[in-house]
Amino acid sequence: MPAASADTVVTRFAPSPTGYLHVGGARTALFSWLLARHAGGAGKFLLRIEDTDLARSTEQATLQLLDDLRWLGLHWDNAADLVYQSRRKHVYDAIIESLVQRNLAYRAYETPEELDLLRKAAEREKRQFVYRRRDLSAEQVKQFEGEGRPHVVRFAMPVKEYRFHDEVLGKEIVLGPDEVQDFVIKKADGMPTYHFAVVVDDAEMRVTHILRGQEHTKNTFLHIALQEALGYPRPTYGHLPIIMNLDGSKMGKRDRDKKIRAATQLHLKNTRQSPSDVAAAASVAVSHFEEWLNNASKQLDLPEQSALMHVIGMTESDLPEILVHDFRRNGYFPDALLNFLALLGWSPGGDRERMTMTEMTELFSVAGIGKSNAKFDRAKLLAFNTQHGEATPAPQLVPAFRAYLEVNPDSPLQRASDDQLVKLLEMKKGFRLLREVDEASRFLFVADDQINYDPDAVEKVLRKNDRQGVTVLQELGDVLPNITDWRHETIEKIVQQYCDQKQLGLGKVAQPLRVAISGGTVSPPIFQSLDFLGRESTLARIDRCLGTAVY
RNA sequence: GGCCCUGUCGUCUAGAGGCCUAGGACACGGCCCUUUCAAGGCCGCGACACGGGUUCGAAUCCCGUCAGGGUCACCA
């Protein structure tokens, strides 16, 4: 394997498609992407799908992964020949065979149960379990093979001290000879293990720099041992600290599922509904539902989750955002997310925080990556998102808005034109999430007779204080039709005149109007909303409100 | 438990022996602005885990304690 020339930087992101992309994975991808892009023309960012676990990998997860990466804008350079490990079995087989030929690897016949017993015994004796080659007699091998006993192939890891320099930690990490053991490189199902496939693929893809999670630090020794046996060059390694929840717990993909399960159990208890009722309402198979309910290791898939949430009255905001997909659905901007994620563990130094992708690319260096774990504080991410929305001209925000709507098919804003989207964005200037813009302006996209009046809003704004709000609406119902020039400036002028005349604060007038046209107490600025709605709809809604909601 | 890594405001971090009575951002508290929700402006609260060294001098170097994390798979 020829070594890459010294100045090239080839990085890779190698997720296993067992679910949606996690923010931790997104950060790993980002750092690898930044490292490659920082090198300019000499840099390449490659993508590889690690689907050697046949039982857990799915095609759908792969598609979702690619979609998330695209949404983030972390484009990979091997789009034409994306590497799927599951399709390279013959390559691994040949190399493993050669290792066996050279006596550097061998078949082992213990069953998982037997190994388990050995480990337990070691634990009882308070000694470290280390698997080393057991010399089997020719007869034993013959017998095992004759029985058709399944086998794995283990790599005979040379017993010695291993060390490598970790670029993130900035120091040498050492493994003593007594910790060395022979590890599996080919599973009983014939697939290579992760350890084997990464080493081969990273070498064949000429990867020069590997940035990955800290959980891989110790694995690195296995990988360098394999590289030495196979004559591969050793890439540069850096292990990233972990991202955790604010409370210090691990940020697991299952956090949302857990929360939904807890809420469901509470719901069942409070409403005395039977599990089968709830399952039916959410159109989930009862047996599947009950299994999930009682078994924390089971998970519902995304459509099932949203159906169930709807049934038990849970909303998206009740759930923690863990997956990149969650952030997209809730209306975060990819650049804001990425900027925030980058700062979880990396700093360009000084007071620098807000950066464009281009700036981050210029400033990025592995030396700037921190060594300690970081907690994921959504409040700060929200602030980043708000600032991004504030700083970017509305027309440039439209593609992001569309990307949001793409994963929120139920929003009435699907019907909005680009120009209307721009208008909404401008009206809601100062919004934190695109979801807020969406939810606050949905009333503008439903039919006049489909507005639902919030009883609390009606009570508080219209009926209270001797139905002052009702009076205001009735009087406005006489004033507003006279406006021929239906623009927000004009409407404001007329309404302001009305206020002055009646000695009323604007709030006393704006709120009843807001309830009448939107059904609730929160909307974009009132005059712009009226402008957007148009004269006919405004008058129709005031009429309907007076007629149906108040009495 | 063994091995490995880490430890600056509530959170993310700046800091590479004197520039530090430790800077920024978010959060939080107060005030202002305001037609709702936001946004915005100003002010404030707030940290070098602890104990020993080394040094004229330590957040920065060394040791120990404590705390947190990772890992001990035919999962990646």
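Everything numeric here is computed off the predicted structure, so don't read it as measured data. Letters A, B, ... are given to chains in the order of the sequence lines, protein chains preceding strands, and every chain is numbered from 1.
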Asker: Side chains of residues 376-384 of chain A: which donor-acceptor partners sit under 3.5 Å, not counting sequence neighbours?
Answerer:
unit_1	atom_1	unit_2	atom_2	d
A:Asp377	OD1	A:Ala379	N	3.1
A:Arg378	NE	A:Glu321	OE1	3.2
A:Arg378	NH2	A:Glu321	O	2.7
A:Lys380	NZ	A:Glu353	OE2	2.8

Asker: Side-chain N or O of A:Lys218 versus OP1/OP2 of B:C4: is the shortest distance under 4.0 Å?
Answerer: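 A:Lys218 to B:C4 OP1/OP2: no side-chain N or O under 4.0 Å.
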Asker: Below 3.5 Å is the cut-off: list the nitrogen or oxygen pairs between protein and nucleotides 31-35 of chain B, distance only.
Answerer:
unit_1	atom_1	unit_2	atom_2	d
B:U35	O2'	A:Arg514	NH2	3.4
B:U35	O2	A:Arg514	NH2	2.7

Asker: Just to verify, what does A:Glu167 make a salt bridge (charged side-chain N to carboxylate O under 4.0 Å, His left out) with, not counting sequence neighbours?
Answerer: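 Per chain and number, A:Glu167 pairs via salt bridge (charged side-chain N to carboxylate O under 4.0 Å, His left out) with no residue.
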Asker: Between A:Lys371 and B:G70, is there a contact of a side-chain N or O with OP1 or OP2 at under 4.0 Å?
Answerer: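 No, because none of the side-chain N or O atoms of A:Lys371 sits under 4.0 Å from OP1 or OP2 of B:G70.
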Asker: Across all strands shown, which nucleotide pairs with B:U54 by Watson-Crick or G-U wobble geometry, both distances under 3.5 Å?
Answerer: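 B:U54 is paired with nothing.
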Asker: Keeping A:Asp202 on the side-chain end and A:Val207 on the backbone end, is there a donor-acceptor pair under 3.5 Å?
Answerer: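 Answer holds: no.
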Asker: Would the base of B:G70 count as contacting A:Glu215 through its side chain, where contact means a donor and an acceptor less than 3.5 Å apart?
Answerer: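 Absent.
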Asker: Taking for each residue the nucleotide of RNA chain B with the nearest heavy atom, is it A:Trp346 or A:Gly430 whose nucleotide lies nearer the 5' end?
Answerer: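 Nearest nucleotide further toward 5': that of A:Trp346.
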Asker: Have a look at A:Ser347 and say if it touches a base, only the backbone sugar-phosphate, or nothing, with a 4.0 Å heavy-atom cut-off.
Answerer: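 A:Ser347: backbone/sugar contact only, no base atoms under 4.0 Å.
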Asker: Consider the side chain of A:Asp377, meaning its heavy atoms from C-beta on, and name the nucleotide among B:A76, B:C5, B:C26 that approaches it most closely.
Answerer: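 Within the option list, the nearest is B:C26.
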Asker: Please list, chain by chain and in numerical order, all residues satisfying side chain to side chain contact (heavy atoms under 4.5 Å, CB included) with A:Asp351, sequence neighbours excluded.
Answerer: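 By the side chain to side chain contact (heavy atoms under 4.5 Å, CB included) rule, A:Asp351 matches no residue at all.
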Asker: So, using side chain to side chain contact (heavy atoms under 4.5 Å, CB included) as the criterion, who are the partners of A:Pro393 when residues are at least two apart?
Answerer: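 Here the qualifying residues are A:Pro395, A:Gln396.
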Asker: Restricting to nitrogen or oxygen on both sides, can you table the protein-nucleotides 61-67 of chain B pairs closer than 3.5 Å?
Answerer:
none

Asker: Within the distance-only criterion (no hydrogens, no angle test), does the side chain of A:Ser32 pair as donor or acceptor with the backbone N or O of A:Phe13 below 3.5 angstrom?
Answerer: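 No, because the side chain of A:Ser32 does not come within donor-acceptor range (under 3.5 Å) of the backbone of A:Phe13.
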Asker: For RNA chain B, which residues of residues 380-394 of chain A approach it to below 4.0 angstrom with any heavy atom?
Answerer: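 A:Lys380, A:Ala383, A:Thr386, A:Glu390 - these, ordered by number, are the residues of the stretch whose heavy atoms sit under 4.0 Å from the strand.
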Asker: Write down the partner of B:C42 under the Watson-Crick or G-U wobble criteria, each distance required to be under 3.5 Å.
Answerer: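 WC or wobble partner is B:G30.
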Asker: Taking side chain to side chain donor-acceptor pair (under 3.5 Å) as the cut-off, I'd like each qualifying pair that reaches into residues 509-526 of chain A, sequence neighbours left out, listed once.
Answerer: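 The answer is A:Gln511-A:Arg514, A:Arg514-A:Ser523.
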Asker: Is the side chain of A:Glu204 donor-acceptor paired with the backbone N or O of A:Val200 at a distance under 3.5 Å, no angle test?
Answerer: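 Absent.
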Asker: Set out, line by line, the N/O atom pairs under 3.5 Å between protein and nucleotides 72-75 of chain B.
Answerer:
unit_1	atom_1	unit_2	atom_2	d
B:A73	OP2	A:Arg119	NE	2.6
B:C74	OP1	A:Arg119	NH2	3.4
B:C74	O2	A:Ala188	N	2.6
B:C74	N4	A:Glu110	O	2.8
B:C75	OP2	A:Lys187	NZ	3.1
B:C75	O2'	A:Asp53	OD2	3.3
B:C75	O2'	A:Arg56	NH2	3.1

Asker: Name all residues meeting the salt bridge (charged side-chain N to carboxylate O under 4.0 Å, His left out) criterion together with A:Glu114; count only those two or more places apart in sequence or in a different chain, and write none if there are none.
Answerer: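 A:Glu114 satisfies salt bridge (charged side-chain N to carboxylate O under 4.0 Å, His left out) with A:Arg149 once adjacent residues are dropped.
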Asker: Which part of the nucleic acid, if any, lies within contact of A:Gln214, taking any heavy atom under 4.0 Å across all strands shown: a base, the sugar-phosphate backbone alone, or nothing?
Answerer: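 Sugar-phosphate: the residue A:Gln214, judged by heavy atoms under 4.0 Å, touches backbone atoms but no base.
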Asker: Quick check for you: among B:C12, B:G23, B:C4, whose closest atom lies nearest to any side-chain atom of A:Glu353?
Answerer: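 It is B:C12.
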Asker: For A:Tyr84, does the six-membered ring have the charged nitrogen or CZ of A:Arg48 within the cation-pi criterion, i.e. under 6.0 angstrom from the centroid and within 45° of the normal?
Answerer: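 Here A:Arg48 fails the 6.0 Å and 45° test against A:Tyr84.
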Asker: Could you give all pairs that pass the ring-ring contact (aromatic ring centres under 6.0 Å, His included) test and reach residues 167-190 of chain A, with sequence neighbours left out?
Answerer: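 Output for this query lists A:Phe155-A:Phe183, A:Phe183-A:His195.
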Asker: Which residue is it: A:Tyr194, A:Tyr237, A:Phe221? I am looking for the one with a ring-ring contact (aromatic ring centres under 6.0 Å, His included) to A:His216.
Answerer: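 Running ring-ring contact (aromatic ring centres under 6.0 Å, His included) over A:Tyr194, A:Tyr237, A:Phe221 with A:His216 returns exactly one hit, A:Tyr194.
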Asker: Using a 4.0 Å cut-off on heavy atoms, which residues in residues 234-241 of chain A reach RNA chain B? List them by number, or say none.
Answerer: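 Output list: empty, so none.
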Asker: Going by purine N1 to pyrimidine N3 plus the second Watson-Crick contact, or the G-U wobble pair, all under 3.5 Å, which nucleotide sits opposite B:A47?
Answerer: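 Partner of B:A47: none found under 3.5 Å.
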